[in-house]
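The model shown is predicted, which means the values in this text are computed figures rather than measured ones. Hydrogens, waters and symmetry mates play no part in the numbers below; they use all other heavy atoms, side chains included. Position 1 is the first residue of the sequence; numbering continues from there. Note that ligands are numbered from 1 as they come in the structure, with each ligand's atoms numbered from 1 the same way.
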Amino acid sequence: MGDVKIEASALSRSYRRADGAEVKALSAVDLRIEAGQFVCLVGPSGCGKTTLLQIIAGLVPPTGGSMVVNGQRVTGPGPSRGMVFQKDSVFPWMRVAANVEYGLSCRGVPKAERQAAAAHYLERVGLSHVAGAWPRELSGGMLKRVAVATVFANGADVLLLDEPFGALDYVTKRQLHDVLLTLWAEGEAGRRRTVMFVTHDVDEAMILADRIVVMRAGQIVDDLPVAADRPRTTDALLLPEMVRIKHILLTHLGLEAAR
Ligand SMILES: Nc1ncnc2c1ncn2[C@@H]1O[C@H](COP(=O)(O)OP(=O)(O)OP(=O)(O)O)[C@@H](O)[C@H]1O
Ligand SMILES: [Mg+2]
C-alpha cells in the first residue's frame with residue numbers, strides 16, 4: 001500500500017433547491033485513494049461525481065464528514081489540487097500559452113520559469129505551434145490538449161478531471177488518452193500524480209484506470225481494480241477480465257440485466 005493521498009470519511013453534501021426541497025448529492029461517502037493511483041469515477045448523471053470532485057478541490061464545502069488531502073483537511077482550493085472542468089476549461093480571452101501559464105502567474109512564479117513550463121507542456125501535448133494562438137482558433141480536441149497541458153504545468157499532484165473528453169470523437173479521445181497517460185506515467189522523479197477522472201464512458205474508464213469507483217445516488221456502490229498491463233491498447237478491452245469488468249459496469253449503469 002502506498003501513502004493515502006485522498007481520504008473521504010462519512011462525507012455528505014446536501015443542496016437546498018429553489019423550491020425548498022433538499023437534494024442529497026453525497027451521502028456518507030468513505031473513500032481512500034493512494035498516491036499515484038489513476039482512479040475513474042463512473043455513475044449515472046446526477047449521482048454526485050462533480051460534487052465529489054468539487055469537494056476534493058475545495059470549491060464546495062461538505063455538509064457532513066471530512067475530506068482530507070495530503071493529511072490535511074480541505075478547507076478551500078490550493079495549488080496541490082488542479083481541476084479540469086466539465087464545461088469550459090480554457091479562458092477565451094487569453095492566448096494558448098498564457099492559459100497554460102495562468103495558474104503559475106497567480107502564484108507569483110517568475111516569468112521565465114512559467115514560460116518554460118508552458119513551453120514544455122505545450123510541446124508534450126503536441127501544441128507548440130499554436131502557443132501564440134487564441135483559443136477560438138483551435139479545435140475542440142486541441143482545446144482539451146491545452147487543458148491537459150495547463151493542469152500538468154500548474155504542478156498540482158492531485159488532478160481532478162471532470163469528463164474532460166466527453167464531447168470528443170472516438171479517435172481524438174483515444175489520442176488524448178495516450179497524451180494523458182504518458183504525462184501521468186512519467187511522473188517527475190518517479191512521483192506520479194494522483195488522478196480522479198470522471199467519465200460516462202466505460203471503455204474510457206477501463207483504458208485509463210487502476211481502479212474504477214462506481215457511484216449511484218450519492219453513494220459508492222462498487223470499487224473495481226483494473227489489473228490489465230499498461231500501456232493498454234483497445235485490444236486490452238477484449239481480455240476476459242476486461243469483459244467481466246465491463247459487464248459489471250454496464251449492469252451498474254442499468255444497461256444490462258444482472259446475470
Ligand atoms: N449548486 C447546486 N444547487 C442545487 N443542487 C445541486 C447543485 N449542484 C449539484 N446539485 C444536485 O446534486 C446532485 C449531484 O450533482 P452532480 O453535479 O454532482 O452530479 P454528476 O454525477 O456530476 O452528474 P453529471 O454526470 O450529469 O455531470 C444532482 O441532483 C444535482 O441536481
Ligand atoms: Mg458532473
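- Residue-level proximity to ligand 1 for Met215 is absent, since no heavy atom of it falls below 4.0 angstrom.
- Considering backbone and side-chain N/O atoms, Arg16 never comes within less than 3.5 Å of an N/O atom of ligand 1.
- Listed by atom number, the atoms of ligand 1 under 4.0 Å from Glu163 heavy atoms are 25 (O), 27 (O).
- In this structure a side-chain-to-backbone donor-acceptor pair under 3.5 Å is missing from Arg114 to Asn154.
- Counting backbone and side-chain atoms alike, Thr51 contributes no N/O/S atom closer than 2.8 Å to the Mg ion (ligand 2).
- Under the 4.0 angstrom criterion, atom 31 (O) of ligand 1 counts as lacking any protein heavy-atom contact.
- Using a distance-only test at 3.5 Å, with no hydrogens or angles considered, no donor-acceptor pair links the side chain of Ser89 to the main chain of Phe85.
- Looking at atom 3 (N) of ligand 1, its nearest protein heavy atom turns out to be Tyr15 CD2, 3.5 Å.
- A cation-pi geometry, defined here as NZ or CZ lying under 6.0 Å from the six-membered ring centre and within 45° of its normal, holds between Arg192 and Trp184.
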Open item on the list: Apply salt bridge (charged side-chain N to carboxylate O under 4.0 Å, His left out) to residues Arg81 and Asp157 and explain how you reach the verdict.
Closed with: CA-CA 6 Å; Arg81 289 150 288 142; Asp157 62 359; over 6 Å; no
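- Because its NZ or CZ atom is both nearer than 6.0 Å to the ring centre of Tyr15 and within 45° of the ring axis, Arg13 counts as a cation-pi partner of that residue.
- When heavy-atom distances to ligand 1 are checked against a 4.0 Å cut-off, His200 comes that close only through its side chain, counted from C-beta outward.
- Backbone and side-chain nitrogen or oxygen atoms of Thr50 are examined, and one is located within less than 3.5 angstrom of a nitrogen or oxygen of ligand 1.
- With hydrogens left out, the protein atom closest to atom 25 (O) of ligand 1 is Lys49 NZ, 2.7 Å, a heavy atom.
- When only non-hydrogen protein atoms are considered, atom 27 (O) of ligand 1 lies nearest to Gln86 NE2, 2.9 Å.
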Open item on the list: Does Glu241 form a salt bridge (charged side-chain N to carboxylate O under 4.0 Å, His left out) with Lys246? I'd like the steps, not just the answer.
Closed with: CA-CA 9 Å; Glu241 171 63 6; Lys246 184 165 184 173; over 6 Å; no
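- If you check which protein heavy atom lies closest to atom 14 (C) of ligand 1, you get Gly46 O, 3.4 Å.
- Counting heavy atoms only, Ser45 comes closest to atom 24 (P) of ligand 1 of the residues Ala25, Ser45, Cys47.
- For Glu22, the CD atom is densely surrounded, since the number of other residues' heavy atoms within 6.0 Å is greater than 12.
- Residue Arg13 places no heavy atom under 4.0 Å from ligand 1.
- Counting atoms of ligand 1 from 1 in the listed order, those under 4.0 Å from a heavy atom of Val23 are 11 (C), 12 (O), 29 (O).
- Listed for the Lys49 side chain is no donor-acceptor partner under 3.5 Å among the backbone atoms of Met215.
- If you look at Thr51 next to ligand 1, the close heavy atoms, those under 4.0 Å, come from the backbone and the side chain alike.
- A donor-acceptor distance shorter than 3.5 angstrom exists from the side chain of Asn99 to the backbone of Phe91, with no hydrogens or angles considered.
- Taking the six-membered ring where tryptophan is involved, the planes of Phe197 and Phe38 are tilted, since the angle between them lies from 30° to 60°.
- Taking a 4.0 Å cut-off on heavy atoms, Gly43 fails to register as neighbouring ligand 1.
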